[in-house]
Structure formats: C-alpha cells, structure tokens
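Since the structure comes first, as structure tokens, the remarks are kept for the end.
Lettering follows sequence order; numbering is per chain, from 1.
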There are 2 protein chains.
Amino acid sequence: METSDLRKAGLKATLPRLKILEVLQQNKHDHLSAEDVYRRLMDNDEDIGLATIYRVLSQFEDAGLVIRHHFEDGHALFELEQGPHDHLICVKCGKIEEFFDNEMQQRQRDLAQKSGFDLSKHTLVLYGECQASNCENDTTLKKDSS
Amino acid sequence: METSDLRKAGLKATLPRLKILEVLQQNKHDHLSAEDVYRRLMDNDEDIGLATIYRVLSQFEDAGLVIRHHFEDGHALFELEQGPHDHLICVKCGKIEEFFDNEMQQRQRDLAQKSGFDLSKHTLVLYGECQASNCENDTTLKKDSS
DNA sequence: ACTTTAGATGCGAATGATTCACAGTCAAGA
DNA sequence: TCTTGACTGTGAATCATTCGCATCTAAAGT
C-alpha cells in the first residue's frame, strides 16, 4: 500500500524500505534516531542492517518523505514529513511537542525577504520547562541525576 | 584585560583560554568549529591541543560566554555570546547572517506559554538563497558541483 | 514464468568529530 | 616562594555515521 509512495519518490519498493517506513508511521509523533529505528526493527525480528537504515533515511529525506533534525546534541533525529510545524522541547524531561503558528511563519518569510533571502525552509525550536506531572521522569536529555 | 571575564566565570585565567577567547573575539561575526579555532591558533603559532579547545569551548558555553550551534550538518559551531539573535543561512554559499526581531521573540514567548512551557531559550534558523554577487563562491555547504 | 541488470542490501572496516585518561604543568592563594 | 587543585597536551578511545564491496532482488523485458 505504500509501495506507491516509494515508487513515486523514484525508489524501488524493497522490503527494508517498507519496514522502515512502517516504523516511522507507527511513531508518527516521535522523533527517532537511526538507532531507534534499528532497535524497533530488531524487536520485530526484522533483520535490517544499520547502514541500510542510514542510507534509506537519507534517501527518504532527499525524497521529502522524512525530515532530519539536529536538536541540542547534534545527533540526527527523523520524523515523517507531515507538513510545516515547529518544536517545543522540555529541557528537563526531553519531551518534544509540535506546534504550528501561521503568523510566525508569515513573519519569518517577511524577515527573510527583508534580508534578501529567498526562504526555502526554516527551523524553530523553543526550549523550556514543561508542566507535565510526569516531567523529570523521561530520560532523553538527562545529564546528571540530582 | 579579559582575565577578569574568565575569573568571573569561575575559570582560571590561563593562556590557552585567553588565546581562544581572543580568536572568538577576532571572529565575532563568524561561527567557528573547534577545528577552525584550532587552525587559527596554529596559524598564529600558538601551540594548543585540540582537546583543550573542545574542553574550553564547553566550559565557555557553560559559563554563558559562548553559544554552541548545530546547524544543518550537526557539527558544532561556536560564537561569542552577544545577546539574543537568530540566523539566516544561504543554502548555496553557506553564508550565515544574523538578525533580531523583537516581535518574533515576543510571539515565541506567547506560544511557549500557551503550551505551558516556561521558555528558557530558542533556536530559529531561516534557510534560503541569498543574493550576494559572490554567492556560490563559498564552499561551506557545497555538496556537488553542478 | 525466466533472465537480466541496475539498484539495494548486509557486513565489517573506515572516517570524522568529540571525549577520555593520565602524566606533566601552571595559576593563584597561603 | 611553596603547595595544590585545576588545567593542559598527547594519544587512545568512543560514538554516530559512511564507505567498499560482494551478494541479492525488484522490476522491466522476453
């Protein structure tokens, strides 16, 4: 059923690619590293090499199917392309929320234009402390255990 | 003269640290990698180990003296802390421009608040094509030579 | 269905940025 | 000046990511 998506992107519909796509779809709202994808496939007894995952994720990125992010620590995280949106990251628990604000997008276009740039994309990340009751329980960004 | 800055930050005023600070000040408007700093010091016949540069830059970051960025490729780039501002990056020549827009900052605070986040910092990068006549001459982000 | 072949894959080695370990050094307070 | 804890240089170690290459396989043609 997604084989067509891949063909449209000029990619052969191979099993590894379909499985990777499936993992991304099952985690639509997360941001996964190549390792994350790899582990999830392992857990599912899919035997796909890590190098393949890196290759495929890059191809997906080129094809516009996924977005690659480099948040705080510089390591790559991927998410399915789901239209423009920005991120809000809790510095305590690492939770990543998404949001969209039209007015902000518009202002970004204006500012780029004012500087003589033909805007092609942007990255906006807001960092702060969330108020979730389970905050501090996640470990994604934890550095020490005070 | 900057030894006081270092002491204030709780760091001993050592020669390597002063030299690194000096390089950052001489390149106030650039964004340097640890390697960049290293090369500049080498060119100046300063014999400072690369590991020291990484260590010192991290300490400067902790002390709030420098900001660490992870643009497109995930590698760390540093710049002297010079108050809040955002970045505009040319996808063709790699030029990085800085700008500041109060209204945008305000809207970011509002949005974070709306989501229940206590905003502590943010990252906004706009990517596009610049109109500089010498665009395409830089190589920072070049990938192929079409 | 069977062949062909360009493009994919898996494996392990290679790379590049960054960090670590540790022995030698130095800034700064007594 | 002496002492000491913090700092540094070196080279090795680590971690994410990419490469090289022999092997496979999707998909287009017979």
[X] [atom1] to [N] [atom2]: how many Å, rounded?
| X | N | atom1 | atom2 | value |
| --- | --- | --- | --- | --- |
| Asp36(B) | dA17(C) | CG | P | 10 Å |
| Glu46(A) | dT9(C) | CD | P | 13 Å |
| Tyr38(A) | dC11(C) | OH | C1' | 10 Å |

- Query: ring pair (Phe, Tyr, Trp, His ring centres under 6.0 Å): which pairs involve residues 95-119 of chain A, sequence neighbours left out?
  - Reply: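 Passing the test, one end in residues 95-119 of chain A: no pairs.
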
- Keeping to residues at least two apart or across chains, list the salt bridge (charged side-chain N to carboxylate O under 4.0 Å, His left out) pairs with something in residues 98-108 of chain A.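 Residue pairs with at least one partner in residues 98-108 of chain A: Asp101(A)-Arg107(B), Glu103(A)-Arg107(B), Arg107(A)-Asp101(B), Arg107(A)-Glu103(B).
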
- Message: For residues 116-135 of chain A, which residue pairs pass the salt bridge (charged side-chain N to carboxylate O under 4.0 Å, His left out) check, not counting sequence neighbours?
- Response: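 Sorted result for residues 116-135 of chain A: Lys92(A)-Glu129(A), Lys121(A)-Glu72(B).
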
- side-chain hydrogen bond (donor to acceptor under 3.5 Å, both in side chains) partners of Glu22(A), counting only residues at least two apart: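 By the side-chain hydrogen bond (donor to acceptor under 3.5 Å, both in side chains) rule, Glu22(A) matches no residue at all.
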
- Message: Could you work out, with side-chain hydrogen bond (donor to acceptor under 3.5 Å, both in side chains) as the rule, every residue matching Ser120(B), not counting sequence neighbours?
- Response: none

- Which is the 5'-most and which the 3'-most nucleotide of DNA chain D that has an atom under 4.0 Å from a heavy atom of chain A?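 First-to-last contact on DNA chain D, by the 4.0 Å heavy-atom rule, is dA16(D) to dA27(D).
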
Please table the atom pairs, donor to acceptor, closer than 3.5 Å between any side-chain atom in residues 43-56 of chain B and protein atoms at least two apart or in another chain.
residue: Thr52(B); atom: OG1; partner: Arg55(B); partner atom: NH2; Å: 3.1

- Task: Give me the other members of the hydrophobic cluster that Ile67(A) sits in, counting Ile, Leu, Val, Met, Phe, Trp and Tyr linked by side-chain heavy atoms under 4.5 Å, directly or via other members.
- Result: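 Same cluster as Ile67(A): nobody, lone residue.
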
- Residues that, via side-chain heavy atoms closer than 4.5 angstrom, fall in one hydrophobic cluster with Leu15(B):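 Members alongside Leu15(B): none; it stands by itself.
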
- Task: Please work out which residues in residues 21-29 of chain B have a non-hydrogen atom less than 4.0 Å from an atom of DNA chain C and list them by number.
- Result: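 Output list: empty, so none.
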
- Query: Under the side-chain contact (heavy atoms from CB on, under 4.5 Å) criterion, do His87(B) and Thr123(B) qualify, and how do the steps go?
  - Reply: CA-CA 9 Å; His87(B) 298 87; Thr123(B) 294; over 6 Å; no

- Who are the side chain to side chain contact (heavy atoms under 4.5 Å, CB included) partners of Arg68(B), not counting sequence neighbours? Ser58(B), Glu61(B), His70(B), Ala76(B), Phe78(B)

- Message: For a quick check, with a 4.0 angstrom heavy-atom cut-off, what is the B/S/- contact string for nucleotides 18-30 of chain C, read 5' to 3'?
- Response: BBBB-----BS--

